[in-house]
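Per chain, numbering begins at 1; letters A, B, ... match sequence-line order.
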2 protein chains.
Amino acid sequence: MNSDSCFRRKREPHVGPAAVTPINNKASSGGLPKTARGEATRKSILDAAERVIGSNGYSDASIGQITREAGVAQGTFYIYFKTKEQVFSELVLEMGRLVRHRIAEATANVPNRLDAEKAGLTAFLGFVQAHPDLYRIVQEALFVDPKAYRAYYESFANGYIDGLNTALRAGQISPGDPETRAWALMGVARALGEQLVVFNTKTPIQDLVETGFDLIANGLKP
Amino acid sequence: MNSDSCFRRKREPHVGPAAVTPINNKASSGGLPKTARGEATRKSILDAAERVIGSNGYSDASIGQITREAGVAQGTFYIYFKTKEQVFSELVLEMGRLVRHRIAEATANVPNRLDAEKAGLTAFLGFVQAHPDLYRIVQEALFVDPKAYRAYYESFANGYIDGLNTALRAGQISPGDPETRAWALMGVARALGEQLVVFNTKTPIQDLVETGFDLIANGLKP
DNA sequence: GTAAAACATGAATAGTGATTCATGTTTCAG
DNA sequence: CTGAAACATGAATCACTATTCATGTTTTAC
């Protein structure tokens, strides 16, 4: 329940002229569009939101900017989204789907877990580099929409845990609590991704993967 | 250069009545206090800011809340801090000092690097659990004060890199790029800390340390 | 003791931007 | 064709709160 400073408290819900009004339930406020036109408009708003929020951050991104960027009037925004927070949440969800899909794709036909770790890390870093904005968006979700933030990482973790369990049963990795390991491994990937887009390291992705993977596979022991 | 939505553009600097005005340079606006009284007031504001920002987040924390919590008038805030952003930055700095100090302390007399990793991880998780607010504060710094955010992690990393280099020379760890390793290892600690205060895991700290350390030391290889 | 510096107050100012709404314009089922 | 639903518009509203300032009150140096 964060939100921008202005207009925090919702205004008293405005009751229409009377029950007489035709039940104009529109696509109204958050509803999904019912025609191709609406579909297109909604998408262009969402895309604009991605760019604007991605580069300015949530608080500094204004609905005006977003709609201008999308080429629609300001009021149009509220035909498709109930609040500013809602677009943001959808952005986070969408991004989660994209990353997971990309990693699943990259690790799909890799039968060995360690190779899968390497492939997954490579795919993740490639994705981060291609979508630096989306990376920041997820980070900010912790404050704007904690639920979405948790959902993002948890659905990520679940897949990871499954993978580790399978590998464990197949004797491909040493024993160890899969849940904690999953979070730790995600932490490695996240940190290296952050190196890329937040700290702008000069280290090439390939080297990050090399060093990161060696650590994951063999640890620090001499 | 983020900031809250309200009053983004600074008002035209107000020029005093004339050059006649005594150079009342006060502790004015961001200056440090010059008496014990001032010192105490400043500290109480900073402490209040920690609590308020820690639990409400930066945007939702208002100066009014902070000063109320500190038991001073709203204007008093501006005797010690130039802007809302400034208190926040100081909070981040202060927190960085605290964590690093704690970890340095915990690893000081541990001659072996692997043992030091374990001790450091334990100390870090303990700290995080004791200061869940401060943990969130650092995360939010990425958006409110990116410079402080980077400084926080970079000074952390520097110590880490030194430690790894020393250990490498002493043959206590296997070879591998210390910089990338440092970030990856910090990523593990960060992720496990997040488990604790953001995801509220039931796993006891000791188990997190056990699993995390085993991964760091030996990797996943069977 | 006293002037000046420090510190404290809190009401007033003013920028901002999310959200609404009254009013069009398009689209489409029948 | 035609009326209703869907979609679009953009000016107006107005809750919020960071920051300032004119005016006290305390403390300190001498």
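Within the structure, a side-chain polar atom (N or O) of B:Tyr78 is placed less than 4.0 Å from OP1 or OP2 of D:dT19. At the phosphate of D:dA18, neither OP1 nor OP2 sits under 4.0 Å from any side-chain N or O atom of B:Thr83.
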Yes or no on ring-ring contact (aromatic ring centres under 6.0 Å, His included) for A:Tyr149 and A:Tyr153, after CA distance, side-chain angles and deciding distance? CA-CA 7 Å; A:Tyr149 181 83; A:Tyr153 281 109; 5.0 Å; yes
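Rounding to whole angstrom units, CD1 of residue B:Ile45 and C1' of C:dA8 are separated by 10 Å. Whole-Å rounding puts the B:Glu39 CD to C:dA8 C1' distance at 17 Å. Computed from coordinates, the A:Ile66 CD1 to C:dG17 P distance equals 12 Å when rounded to whole Å. What separates CD1 of B:Ile63 from P of C:dG10 is a distance of 16 Å, to the nearest Å. If you take CD1 of A:Ile79 and P of D:dA5, they are 16 Å apart, rounded to a whole angstrom. Atom CZ in B:Phe77 sits about 16 Å away from atom P in C:dC7, given to the nearest Å. Atom NZ of A:Lys43 and atom C1' of D:dC7 are 19 Å apart (whole Å). If you measure from atom CZ of B:Arg42 to atom P of C:dA8, you get 12 Å, rounded to the nearest angstrom.
Distance from the side chain of B:Thr35 is smallest for D:dT28 among the nucleotides D:dC7, D:dA11, D:dT28. Counting only heavy atoms from C-beta on, A:Tyr80 has its side chain closest to D:dA8 among C:dC7, C:dT19, D:dA8. For A:Lys84, the side-chain atoms get nearest to C:dA18 when compared with the rest of D:dA6, D:dT9, C:dA18.
Residue whose closest nucleotide on DNA chain C sits further toward the 5' end, between A:Arg37 and B:Arg37: B:Arg37.
Taking the six-membered ring wherever Trp is involved, the centroid distance between the rings of A:His131 and A:Tyr135 does not fall below 6.0 Å. Residues B:Phe199 and A:Trp183 place their aromatic rings such that the two centres sit under 6.0 Å apart.
Of the possible donor and acceptor atoms, none in the side chain of B:Arg190 sits under 3.5 Å from a partner among the backbone N and O of A:Val188.
Using a 4.0 Å heavy-atom distance criterion, B:Thr76 is classed as a base contact. Residue contacts for B:Ala36: at a heavy-atom cut-off of 4.0 Å it reaches no nucleic acid atom on any strand shown.
A:Thr203 pairs in a side-chain contact (heavy atoms from CB on, under 4.5 Å) with only one of the listed residues (A:Leu192, A:Leu196, A:Leu208, A:Thr211), which is A:Leu208.
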